[in-house]
Amino acid sequence: MSTTSQAGQRIAALLDENSFVEIGARITARATDFNLKQTETPSDGVITGYGVIDGNLVYVYSQDASVLGGSVGEMHAKKIVRLYELALKMGAPVIGLVESAGLRLQEATDALNGFGEIYRMQVEASGVVPQITAVFGTCGGGLALIPGLTDFTFMEEKSAKLFVNSPNALEGNTADKCNSASAAFQSQEAGIVDAVADEAGILSRIRELVAMLPANNEDDASYEECTDDLNRASADLANCVGDTSIALSEISDNHVFFEVKENYAKEMVTGFIKLNGVTVGAVANRTEVYDAEGNVSDKFDAVLTKNGCEKAADFVNFCDAFEIPVLSLTNVKGYEATIGAEKGMAKAAARLTAAFAGATVPKVNVIIGKAYGSAYVAMNSKAIGADITIAWPDAEVGMMDARLAAKILCDGQGADAIDACAAEYEKLQTSAESAARRGYVDEIVEAADSRKYIIGAFEMLFTKRENRPAKKHGTV
């Protein structure tokens, strides 16, 4: 491997020291059209091989922009396909470090066929081994499908560009007007990118993520010894109903929380925590975001949004594919009510419902605030398959807010009658206690004690097996 190339340096920084073994170092382009025979193409513009991250086997390819712009040609693509074949045989993650001019024009259909072969291998690997892409330079056109087909995507904050059509190719747009190729746009608006950072930060975060994930869908190596108190109480947890990213950090072993798609649909939190050393996927509604100084930087209604549902559905599907248990923190009272949201709300909420209902991994739901109507049902409720449902004492579970229900039930009556009806409705229909009496809540626990009860639930569910009707796959 060329340690002088930036592509080689990235691999060296990503992997454990001296662990990388290169495969196909002597491969060069076979094409001769347009004087390619006279052009040196060392490794054909991509370094491929394997190494370890904290002792975990991974396969890595890193595109070399110093060789024909890192463009994808026939042999370049064959090297990546070969890497995927090995990863599937061995059951280990694939990490792609991308910086490429895209399709190699001199190789035309050979290069185009190479794109297709990479796509095919990514689809075959989907749900079998984790796939991670980091974009450091240009990733445009057909190459943009590669991060779209992977499980997690990282993007360098300043120089990286990710696009199908460049900003200037969009009618009425320029890069100055809306830089749709930027890391900010792709992470905040498109929702493709999980995290944005500088180059060193990206490589560090990939190492963190690999340590959290199983190696493949059968051989789970994501367990570690827990050094935290399993019964640790958190007096501050009750104050974290708004910003559930903080709540998840409080619940997790040693406060470890790896958030994914952190800049997209912030009203829905997704990420990985550790509970008694086991990786657990977490999904949570959020109504507030606190900044580093402890100030509220964003506020949201306690509703499901189209983007939030899609973000959570994709995450739950990943967890289910890789046998990662799922924890949900529910605080939702309905759906986003705007014309824009309505265009895709029903389908997005259906996808979320299908993701939770279809997942056969252990599923625990904690109702931390409001849980109203069909939005609550979609958020991993017992009705659609949650194995254990826990509620905090002041949680509200029911059709709607008690006072709103009283106004409907006591229409035309005085304020005193409405107040009395609201109090009775709350006691009989919307309290955590009333839901528990009907069997929709298994345990009511103090917020501070949530960690030990959640750990206990997942330990009980460790050997869960669930039979479903035989089918090729669902269609939602």
Side-chain angles (χ1 to χ4, degrees), residues 127 151 191 217 244 247-248 251 259-261 264-265 267-273 275 278-286 302-336 344-391 395 397-398 435 439-443 450 454 457-458 460-462 464-469 471 473-476:
D151 301 306
N217 63 337
T244 44
L248 291 169
I251 293 169
E259 187 172 356
V260 300
K261 288 186 171 43
Y264 180 68
E267 66 279 359
M268 184 73 80
V269 179
T270 55
F272 299 104
I273 63 174
L275 291 175
V278 178
T279 295
V280 172
V283 177
N285 306 117
R286 176 162 56 183
V303 295
L304 293 181
T305 65
K306 172 183 175 294
N307 291 348
C309 285
E310 291 174 343
K311 169 182 174 178
D314 287 342
F315 182 77
V316 172
N317 285 335
F318 173 84
C319 291
D320 188 48
F322 287 93
E323 296 293 341
I324 299 172
V326 174
L327 167 69
S328 56
L329 304 184
T330 298
N331 177 28
V332 65
K333 60 183 182 181
Y335 301 99
E336 182 183 13
M345 192 71 250
K347 185 64 176 179
R351 278 197 64 216
L352 178 62
T353 304
F356 275 125
T360 59
V361 294
K363 295 175 288 190
V364 174
N365 185 30
V366 183
I367 303 172
I368 63 173
K370 293 177 170 58
Y372 289 155
S374 59
Y376 146 64
V377 175
M379 270 298 296
N380 196 27
S381 66
K382 184 173 285 292
I384 63 170
D387 300 299
I388 293 293
T389 300
I390 299 169
V397 188
Y440 304 132
V441 168
D442 297 302
E443 300 172 275
S450 296
I454 294 169
F458 278 121
M460 179 272 292
L461 293 166
F462 183 73
K464 175 186 174 182
R465 295 292 183 270
E466 189 171 339
N467 295 321
R468 296 293 180 92
K471 58 182 176 181
H473 57 72
T475 60
V476 180

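As a basis for the values below, the full set of heavy atoms in this structure was taken, side chains included, without hydrogen atoms, waters or symmetry mates.
- Scanning both residues, Ser381 and Val377, for their nearest heavy atoms gives OG-O, 2.8 Å.
- One finds the NZ atom of Lys306 at 12.0 Å from the NZ atom of Lys347 (value rounded to the nearest 0.5 Å).
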Between Phe458 and Val280, is a side chain to side chain contact (heavy atoms under 4.5 Å, CB included) present by the stated rule, with each step listed?
-> CA-CA 9 Å; Phe458 278 121; Val280 172; 4.0 Å; yes
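- One distance of note links CD1 of Ile454 with CD1 of Ile251; it measures 4.0 Å at 0.5 Å rounding.
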May I have the step-by-step check of side chain to side chain contact (heavy atoms under 4.5 Å, CB included) for Val366 and Leu327, ending in yes or no?
-> CA-CA 8 Å; Val366 183; Leu327 167 69; 3.9 Å; yes
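- In this structure, CD on Glu259 lies 8.5 Å from CG on Leu248, to the nearest 0.5 angstrom.
- One N or O on the side chain of Asn317 and one on the backbone of Ala313 form a donor-acceptor pair closer than 3.5 Å.
- For the atom pair Leu304 CG and Asn285 CG, the distance stands at 6.0 Å (nearest 0.5 Å).
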Just do the side chain to side chain contact (heavy atoms under 4.5 Å, CB included) check on Ile367 and Met379 with the steps written out, would you?
-> CA-CA 10 Å; Ile367 303 172; Met379 270 298 296; over 6 Å; no
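- Going from atom CD of Glu323 over to atom OG1 of Thr279 covers 13.5 Å, rounded to the nearest 0.5 Å.
- The list of side-chain hydrogen bond (donor to acceptor under 3.5 Å, both in side chains) pairs with a residue in residues 349-363, not counting sequence neighbours, reads Asp314-Arg351.
- With a 4.5 Å cut-off on side-chain heavy atoms, Pro362 and Met460 do not count as touching.
- Between Phe318 and Phe272, the ring planes lie perpendicular to each other; the angle is over 60°, past the 30° to 60° tilted range.
- Thr270 contributes a side-chain N or O that, together with a main-chain N or O of Val260, makes up a donor-acceptor pair within less than 3.5 Å.
- Between the side chains of Thr389 and Asn365, no donor N or O sits under 3.5 Å from an acceptor N or O.
- Closest approach of Val326 and Cys319 over heavy atoms only: CG2-CB, 3.8 Å.
- Shown here are the salt bridge (Lys or Arg N to Asp or Glu O under 4.0 Å) partners of Arg465, two or more places apart in sequence or in another chain: there are none.
- Nearest heavy atoms, Gly334 versus Ala375: O-CB, 3.4 Å.
- In this structure, Thr244 contributes its side chain and Ala247 its backbone to no donor-acceptor pair below 3.5 Å.
- Put simply, the side chain of Lys311 gets close to the backbone of Met268: a donor and an acceptor are under 3.5 Å apart.
- In this structure the side chain of Val283 reaches within 4.5 angstrom of the side chain of Phe315, judged on heavy atoms.
- Of all the heavy atoms in Asn380 and Ile384, the pair that sits closest is N-CD1, 3.9 Å.
- For the pair Ile324 and Gly281, the tightest heavy-atom approach, listed with the atom from each and the gap, is CG2-N, 3.5 Å.
- Screening residues 375-391 for salt bridge (charged side-chain N to carboxylate O under 4.0 Å, His left out) gives Lys382-Asp442, Asp387-Lys464 as the qualifying pairs, with residues at least two apart or on separate chains.
- A pairwise comparison of heavy atoms in Ala349 and Cys309 identifies CA-SG, 4.0 Å as the closest pair.
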side-chain hydrogen bond (donor to acceptor under 3.5 Å, both in side chains) between Tyr335 and Ser374: does it pass, once the steps are laid out?
-> CA-CA 9 Å; Tyr335 301 99; Ser374 59; 2.9 Å; yes
